[in-house]
Amino acid sequence: MPLPENPLAPLARRDGDPVFEEAWQAQALAMADCMVRAGAFSASDWAAALGKAVREQDDDTTSGYYRAVLAALETLLAMQGAVPAPEIEARRDAWARAYETTPHGHPVELETGA
Amino acid sequence: MKPSYDSDKVADIHRHLHSHLPPEPALRVKALESLLVEKGLVDPAALDAWIDAYTEEIGPKRGAAVVARSWVDAEFRARLLADAGAAVAEMGFAGQASGHLKAVENTDTVHNLVVCTLCSCYPFAILGMAPAWYKANEYRARAVRDPRGVLAEFGVNPAPDVAVTVWDSTAELRYMVVPQRPSGTDGMDEAALAALVTRNAMIGTDDLKGGV
(Lines give C-alpha, C1' and ligand atoms only; values in the text may rest on other atoms or scores of the structure.)
Protein backbone atom coordinates (compact mmCIF):
# COMPACT_ATOMS: atom_id res chain seq x y z
CA MET A 1 0.00 0.00 0.00
CA PRO A 2 1.50 3.39 -0.91
CA LEU A 3 2.10 5.46 2.20
CA PRO A 4 0.75 8.97 2.43
CA GLU A 5 3.37 11.67 1.90
CA ASN A 6 1.30 14.05 3.98
CA PRO A 7 3.60 15.85 6.44
CA LEU A 8 0.68 15.80 8.88
CA ALA A 9 1.00 12.01 8.98
CA PRO A 10 3.96 11.67 11.34
CA LEU A 11 3.17 8.07 12.31
CA ALA A 12 2.65 6.59 8.86
CA ARG A 13 5.88 8.26 7.77
CA ARG A 14 7.74 6.27 10.43
CA ASP A 15 6.25 2.98 9.22
CA GLY A 16 9.12 0.89 7.93
CA ASP A 17 11.74 2.65 10.04
CA PRO A 18 14.28 0.16 11.40
CA VAL A 19 13.42 -1.29 14.81
CA PHE A 20 17.02 -0.84 15.95
CA GLU A 21 19.29 1.88 14.55
CA GLU A 22 22.41 0.84 16.44
CA ALA A 23 23.64 -2.31 18.19
CA TRP A 24 23.47 -0.78 21.68
CA GLN A 25 19.70 -0.35 21.28
CA ALA A 26 19.19 -4.09 20.74
CA GLN A 27 21.63 -4.89 23.57
CA ALA A 28 19.78 -2.64 26.01
CA LEU A 29 16.41 -4.22 25.23
CA ALA A 30 17.92 -7.71 25.29
CA MET A 31 19.27 -7.13 28.81
CA ALA A 32 15.93 -5.83 30.03
CA ASP A 33 13.96 -8.70 28.53
CA CYS A 34 16.41 -11.34 29.74
CA MET A 35 16.16 -9.88 33.26
CA VAL A 36 12.35 -10.12 33.11
CA ARG A 37 12.50 -13.68 31.78
CA ALA A 38 14.98 -14.66 34.48
CA GLY A 39 12.58 -13.25 37.08
CA ALA A 40 15.03 -10.58 38.25
CA PHE A 41 12.13 -8.15 38.03
CA SER A 42 8.51 -8.52 37.08
CA ALA A 43 7.06 -7.50 33.73
CA SER A 44 4.87 -4.93 35.51
CA ASP A 45 7.80 -3.35 37.33
CA TRP A 46 9.62 -3.16 34.02
CA ALA A 47 6.64 -1.59 32.23
CA ALA A 48 6.18 0.98 35.00
CA ALA A 49 9.88 1.92 35.01
CA LEU A 50 9.99 2.17 31.22
CA GLY A 51 6.80 4.23 31.10
CA LYS A 52 8.26 6.68 33.60
CA ALA A 53 11.59 6.87 31.77
CA VAL A 54 9.87 7.49 28.43
CA ARG A 55 7.91 10.38 29.96
CA GLU A 56 11.07 11.84 31.48
CA GLN A 57 13.11 11.38 28.32
CA ASP A 58 10.69 13.54 26.32
CA ASP A 59 12.40 12.68 23.04
CA ASP A 60 10.01 11.05 20.60
CA THR A 61 12.65 9.41 18.39
CA THR A 62 13.87 5.82 18.22
CA SER A 63 17.13 6.81 19.88
CA GLY A 64 15.21 8.63 22.61
CA TYR A 65 13.09 5.54 23.23
CA TYR A 66 16.12 3.29 23.68
CA ARG A 67 17.85 5.84 25.91
CA ALA A 68 14.71 5.58 28.05
CA VAL A 69 15.07 1.75 28.01
CA LEU A 70 18.63 2.12 29.27
CA ALA A 71 17.67 4.67 31.92
CA ALA A 72 14.81 2.45 33.15
CA LEU A 73 17.15 -0.53 33.38
CA GLU A 74 19.75 1.45 35.33
CA THR A 75 17.06 2.82 37.67
CA LEU A 76 15.52 -0.59 38.40
CA LEU A 77 18.88 -2.23 39.02
CA ALA A 78 19.94 0.59 41.33
CA MET A 79 16.62 0.49 43.21
CA GLN A 80 16.97 -3.23 43.77
CA GLY A 81 20.54 -2.77 44.93
CA ALA A 82 21.66 -5.27 42.29
CA VAL A 83 23.88 -2.72 40.55
CA PRO A 84 24.28 0.56 42.48
CA ALA A 85 24.53 3.71 40.32
CA PRO A 86 28.13 4.56 41.33
CA GLU A 87 29.20 1.10 40.22
CA ILE A 88 27.75 1.73 36.76
CA GLU A 89 29.51 5.11 36.55
CA ALA A 90 32.83 3.59 37.57
CA ARG A 91 32.50 0.80 35.02
CA ARG A 92 31.50 3.27 32.31
CA ASP A 93 34.61 5.33 33.05
CA ALA A 94 36.78 2.21 32.99
CA TRP A 95 35.44 1.29 29.54
CA ALA A 96 35.97 4.87 28.33
CA ARG A 97 39.61 4.74 29.48
CA ALA A 98 40.07 1.37 27.81
CA TYR A 99 38.72 2.74 24.52
CA GLU A 100 40.90 5.84 24.71
CA THR A 101 44.11 4.02 25.54
CA THR A 102 43.80 0.96 23.31
CA PRO A 103 45.79 1.42 20.09
CA HIS A 104 43.90 1.10 16.82
CA GLY A 105 43.58 -2.46 15.60
CA HIS A 106 43.71 -4.00 19.09
CA PRO A 107 40.65 -5.41 20.84
CA VAL A 108 39.37 -3.12 23.58
CA GLU A 109 39.62 -4.92 26.91
CA LEU A 110 38.98 -3.81 30.42
CA GLU A 111 42.05 -3.54 32.66
CA THR A 112 41.78 -6.18 35.38
CA GLY A 113 40.35 -5.04 38.66
CA ALA A 114 38.33 -2.26 37.00
CA MET B 1 12.14 17.92 16.74
CA LYS B 2 14.03 19.42 19.63
CA PRO B 3 17.13 21.42 18.74
CA SER B 4 19.05 19.61 21.48
CA TYR B 5 18.71 16.37 19.50
CA ASP B 6 20.71 17.79 16.62
CA SER B 7 23.32 19.31 18.88
CA ASP B 8 23.67 15.95 20.61
CA LYS B 9 24.21 14.37 17.22
CA VAL B 10 26.84 16.93 16.29
CA ALA B 11 28.62 16.36 19.60
CA ASP B 12 28.50 12.62 18.94
CA ILE B 13 30.01 12.98 15.48
CA HIS B 14 32.68 15.29 16.87
CA ARG B 15 33.61 12.73 19.49
CA HIS B 16 33.78 9.99 16.85
CA LEU B 17 36.18 12.00 14.71
CA HIS B 18 38.55 12.65 17.57
CA SER B 19 38.67 9.32 19.31
CA HIS B 20 37.28 5.88 18.92
CA LEU B 21 35.16 6.30 22.02
CA PRO B 22 31.68 4.87 21.39
CA PRO B 23 28.67 7.16 21.88
CA GLU B 24 27.53 7.58 25.50
CA PRO B 25 24.59 5.14 25.50
CA ALA B 26 26.73 2.43 23.85
CA LEU B 27 29.35 2.95 26.55
CA ARG B 28 26.75 2.68 29.31
CA VAL B 29 25.24 -0.45 27.74
CA LYS B 30 28.70 -2.00 27.64
CA ALA B 31 29.28 -1.08 31.28
CA LEU B 32 25.93 -2.50 32.37
CA GLU B 33 26.33 -5.67 30.35
CA SER B 34 29.77 -6.44 31.76
CA LEU B 35 28.48 -5.87 35.32
CA LEU B 36 25.35 -8.00 34.86
CA VAL B 37 27.35 -10.86 33.38
CA GLU B 38 29.94 -10.71 36.16
CA LYS B 39 27.26 -10.75 38.83
CA GLY B 40 25.58 -13.70 37.16
CA LEU B 41 22.38 -11.70 36.63
CA VAL B 42 22.28 -12.37 32.91
CA ASP B 43 23.61 -15.26 30.90
CA PRO B 44 25.73 -13.95 28.01
CA ALA B 45 24.57 -16.87 25.85
CA ALA B 46 20.94 -15.89 26.47
CA LEU B 47 21.72 -12.29 25.48
CA ASP B 48 23.39 -13.43 22.27
CA ALA B 49 20.49 -15.74 21.46
CA TRP B 50 17.98 -12.95 22.09
CA ILE B 51 19.83 -10.57 19.79
CA ASP B 52 20.20 -13.21 17.07
CA ALA B 53 16.49 -13.99 17.21
CA TYR B 54 15.17 -10.46 17.28
CA THR B 55 17.58 -8.55 15.08
CA GLU B 56 17.34 -11.25 12.44
CA GLU B 57 13.67 -10.33 12.59
CA ILE B 58 11.66 -13.31 13.64
CA GLY B 59 9.19 -10.68 12.53
CA PRO B 60 5.46 -11.19 12.46
CA LYS B 61 5.67 -14.65 10.84
CA ARG B 62 4.31 -16.49 13.86
CA GLY B 63 1.38 -14.12 14.21
CA ALA B 64 0.66 -14.37 10.49
CA ALA B 65 0.58 -18.16 10.71
CA VAL B 66 -1.84 -17.94 13.63
CA VAL B 67 -4.15 -15.57 11.73
CA ALA B 68 -4.08 -17.71 8.57
CA ARG B 69 -5.00 -20.81 10.59
CA SER B 70 -7.91 -18.89 12.13
CA TRP B 71 -9.18 -18.09 8.62
CA VAL B 72 -9.28 -21.72 7.50
CA ASP B 73 -10.13 -23.53 10.75
CA ALA B 74 -13.23 -22.28 12.59
CA GLU B 75 -12.58 -24.44 15.63
CA PHE B 76 -9.04 -23.11 15.95
CA ARG B 77 -10.43 -19.60 15.61
CA ALA B 78 -12.85 -20.20 18.49
CA ARG B 79 -10.01 -21.52 20.66
CA LEU B 80 -7.80 -18.57 19.68
CA LEU B 81 -10.43 -16.03 20.72
CA ALA B 82 -11.20 -17.90 23.94
CA ASP B 83 -7.60 -18.49 25.04
CA ALA B 84 -4.95 -17.12 22.72
CA GLY B 85 -2.06 -18.38 24.84
CA ALA B 86 -3.23 -22.00 24.59
CA ALA B 87 -4.04 -21.64 20.88
CA VAL B 88 -0.62 -20.31 19.89
CA ALA B 89 1.02 -22.97 22.10
CA GLU B 90 -0.90 -25.52 19.98
CA MET B 91 1.03 -24.21 16.99
CA GLY B 92 4.30 -24.73 18.79
CA PHE B 93 4.79 -21.12 19.89
CA ALA B 94 4.89 -21.92 23.56
CA GLY B 95 6.63 -20.43 26.55
CA GLN B 96 7.27 -16.71 26.40
CA ALA B 97 5.17 -16.45 23.27
CA SER B 98 1.94 -17.64 24.76
CA GLY B 99 1.66 -15.97 28.16
CA HIS B 100 -0.79 -13.15 28.69
CA LEU B 101 -1.93 -12.94 25.08
CA LYS B 102 -5.43 -12.00 23.95
CA ALA B 103 -6.66 -12.12 20.36
CA VAL B 104 -9.40 -9.71 19.29
CA GLU B 105 -11.21 -10.21 15.96
CA ASN B 106 -12.18 -7.63 13.41
CA THR B 107 -15.71 -8.13 12.08
CA ASP B 108 -18.12 -6.29 9.79
CA THR B 109 -19.09 -4.15 12.79
CA VAL B 110 -15.87 -3.82 14.83
CA HIS B 111 -12.34 -2.70 13.96
CA ASN B 112 -9.72 -3.20 16.66
CA LEU B 113 -6.62 -1.13 17.31
CA VAL B 114 -3.88 -1.97 19.82
CA VAL B 115 -1.75 0.50 21.75
CA CYS B 116 0.27 0.58 24.95
CA THR B 117 -0.36 3.95 26.55
CA LEU B 118 2.09 3.32 29.40
CA CYS B 119 5.20 2.35 27.48
CA SER B 120 5.41 -0.16 24.65
CA CYS B 121 3.98 -3.51 25.80
CA TYR B 122 3.69 -5.71 22.73
CA PRO B 123 3.45 -9.47 22.09
CA PHE B 124 6.84 -9.51 20.37
CA ALA B 125 7.35 -13.26 20.66
CA ILE B 126 4.43 -13.58 18.23
CA LEU B 127 4.63 -10.33 16.25
CA GLY B 128 8.37 -9.64 16.27
CA MET B 129 9.70 -6.31 17.49
CA ALA B 130 7.25 -3.45 17.72
CA PRO B 131 7.57 -0.94 14.89
CA ALA B 132 9.17 2.42 15.65
CA TRP B 133 5.86 4.29 15.47
CA TYR B 134 4.19 1.97 18.01
CA LYS B 135 6.68 3.16 20.62
CA ALA B 136 6.27 6.84 19.75
CA ASN B 137 4.57 9.15 22.26
CA GLU B 138 2.60 10.48 19.34
CA TYR B 139 0.97 7.11 18.67
CA ARG B 140 0.42 6.27 22.32
CA ALA B 141 -1.43 9.55 22.83
CA ARG B 142 -3.36 9.78 19.58
CA ALA B 143 -4.46 6.14 19.31
CA VAL B 144 -6.73 6.69 22.30
CA ARG B 145 -7.76 10.29 21.64
CA ASP B 146 -8.32 10.02 17.89
CA PRO B 147 -8.19 6.40 16.73
CA ARG B 148 -9.98 7.10 13.45
CA GLY B 149 -7.49 9.87 12.68
CA VAL B 150 -4.58 7.50 13.31
CA LEU B 151 -6.22 4.79 11.19
CA ALA B 152 -6.83 7.24 8.33
CA GLU B 153 -3.15 8.12 8.42
CA PHE B 154 -2.38 4.46 7.72
CA GLY B 155 -4.99 4.33 4.97
CA VAL B 156 -7.58 2.48 7.04
CA ASN B 157 -11.03 4.06 6.97
CA PRO B 158 -13.68 2.00 8.78
CA ALA B 159 -17.24 2.92 7.76
CA PRO B 160 -19.04 5.20 10.24
CA ASP B 161 -21.21 2.30 11.43
CA VAL B 162 -18.14 0.19 12.24
CA ALA B 163 -17.12 0.63 15.88
CA VAL B 164 -13.42 1.26 16.50
CA THR B 165 -12.25 -0.45 19.71
CA VAL B 166 -8.89 0.52 21.20
CA TRP B 167 -7.12 -2.04 23.41
CA ASP B 168 -4.50 -0.77 25.85
CA SER B 169 -1.79 -3.41 26.33
CA THR B 170 -0.15 -3.94 29.67
CA ALA B 171 2.66 -6.10 30.94
CA GLU B 172 0.03 -8.65 32.02
CA LEU B 173 -2.13 -8.63 28.91
CA ARG B 174 -0.95 -8.04 25.37
CA TYR B 175 -3.27 -7.97 22.39
CA MET B 176 -3.13 -9.07 18.78
CA VAL B 177 -5.76 -8.23 16.20
CA VAL B 178 -7.19 -10.99 14.01
CA PRO B 179 -7.90 -9.12 10.78
CA GLN B 180 -10.72 -10.09 8.43
CA ARG B 181 -9.81 -12.45 5.64
CA PRO B 182 -9.42 -10.44 2.43
CA SER B 183 -11.96 -11.11 -0.31
CA GLY B 184 -10.79 -13.03 -3.36
CA THR B 185 -8.66 -15.46 -1.35
CA ASP B 186 -11.04 -18.43 -1.39
CA GLY B 187 -8.75 -20.91 -3.12
CA MET B 188 -5.62 -20.06 -1.13
CA ASP B 189 -3.95 -22.48 1.24
CA GLU B 190 -2.80 -21.60 4.74
CA ALA B 191 0.77 -20.73 3.76
CA ALA B 192 -0.33 -18.41 0.96
CA LEU B 193 -2.82 -16.75 3.29
CA ALA B 194 -0.17 -16.25 5.99
CA ALA B 195 1.96 -14.36 3.45
CA LEU B 196 -0.87 -11.81 3.13
CA VAL B 197 -0.98 -10.98 6.84
CA THR B 198 1.03 -7.88 7.69
CA ARG B 199 2.38 -6.86 11.05
CA ASN B 200 0.28 -3.71 10.95
CA ALA B 201 -2.88 -5.77 10.35
CA MET B 202 -2.25 -7.52 13.67
CA ILE B 203 -1.90 -4.14 15.43
CA GLY B 204 -4.94 -2.75 13.62
CA THR B 205 -3.34 -0.16 11.34
CA ASP B 206 -3.88 -2.24 8.18
CA ASP B 207 -7.17 -3.82 7.07
CA LEU B 208 -5.60 -5.92 4.26
CA LYS B 209 -7.89 -4.21 1.76
CA GLY B 210 -4.93 -2.82 -0.13
CA GLY B 211 -5.41 -5.57 -2.70
CA VAL B 212 -4.35 -9.17 -2.94
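Applying the salt bridge (charged side-chain N to carboxylate O under 4.0 Å, His left out) criterion to A:Arg14, with sequence neighbours excluded, gives no partner residue. Scanning for ring-ring contact (aromatic ring centres under 6.0 Å, His included) contacts around A:Tyr66 gives A:Phe20, with sequence neighbours left out.
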Check your understanding: Step by step, would you call B:Lys39 with A:Glu87 a salt bridge (charged side-chain N to carboxylate O under 4.0 Å, His left out)?
Key -> CA-CA 12 Å; B:Lys39 290 171 187 282; A:Glu87 204 175 334; 2.9 Å; yes
Practice item. Step by step, work out the side-chain contact (heavy atoms from CB on, under 4.5 Å) result for B:Ile51 and A:Gln27. Key: CA-CA 7 Å; B:Ile51 287 168; A:Gln27 287 156 352; 3.7 Å; yes
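A donor-acceptor distance shorter than 3.5 angstrom exists from the side chain of B:Glu153 to the backbone of A:Leu11, with no hydrogens or angles considered. Side chain of A:Asp15 to main chain of B:Trp133: no donor-acceptor pair is present (N/O by atom type, distance under 3.5 Å, no hydrogens or angles). At distances below 3.5 Å, not a single donor-acceptor pair connects side-chain atoms of B:Asn137 with backbone N or O atoms of A:Asp60.
The distance from the CD atom of B:Glu33 to the CH2 atom of A:Trp95 is 9.0 Å, given to the nearest 0.5 Å. Atoms CG and OG, from A:Leu29 and B:Ser120 in turn, are 7.5 Å apart once rounded to the nearest 0.5 Å. The distance from the SG atom of B:Cys121 to the CH2 atom of A:Trp46 is 10.5 Å, given to the nearest 0.5 Å. The line from CD of A:Glu74 to CG of B:Leu35 is 10.0 Å long, rounded to the nearest 0.5 Å. Distance CZ/A:Arg91 to CG/B:Leu27: 11.5 Å, rounded to 0.5 Å.
When heavy atoms are compared at a cutoff of 4.5 Å, A:Ala82 approaches chain B by way of both its backbone and its side chain. With a threshold of 4.5 angstrom between heavy atoms, A:Ala40 does not approach chain B through any atom at all.
When all heavy atoms of A:Ile88 and B:Ala31 are compared, the pair lying nearest together is O-CB, 4.1 Å. Heavy atoms only, all atoms of each residue included: A:Met31 and B:Val42 are closest at O-CG1, 4.4 Å. Residues B:Pro23 and A:Glu22 approach most closely at CG-OE1, 4.1 Å, considering heavy atoms. In terms of heavy-atom proximity, A:Thr62 sits nearest to B:Ala132 at OG1-CB, 3.8 Å.
Within the 4.5 Å cutoff, the side chain of A:Cys34 has no heavy atoms near those of the B:Asp43 side chain. Counting heavy atoms from C-beta outward, B:Arg140 and A:Val54 have side chains that approach closer than 4.5 Å. Side-chain atoms of B:Arg28 and A:Trp24, non-hydrogen and from C-beta on, never get closer than 4.5 Å to each other. For the pair B:Leu32/A:Leu77, a side-chain contact is recorded, criterion being any heavy-atom separation below 4.5 Å from C-beta on.
Ranked by heavy-atom pairs under 4.5 Å with chain A, the first of B:Ser34, B:Pro131, B:Ala130 is B:Ser34. Options A:Ala49, A:Ala43, A:Ala47, A:Ala30 differ in how many heavy-atom pairs under 4.5 Å they form with chain B, and the most are formed by A:Ala30.
B:Glu24 has no carboxylate O lying under 4.0 Å from a charged side-chain N of A:Arg67, or vice versa, which leaves the two without a salt bridge.
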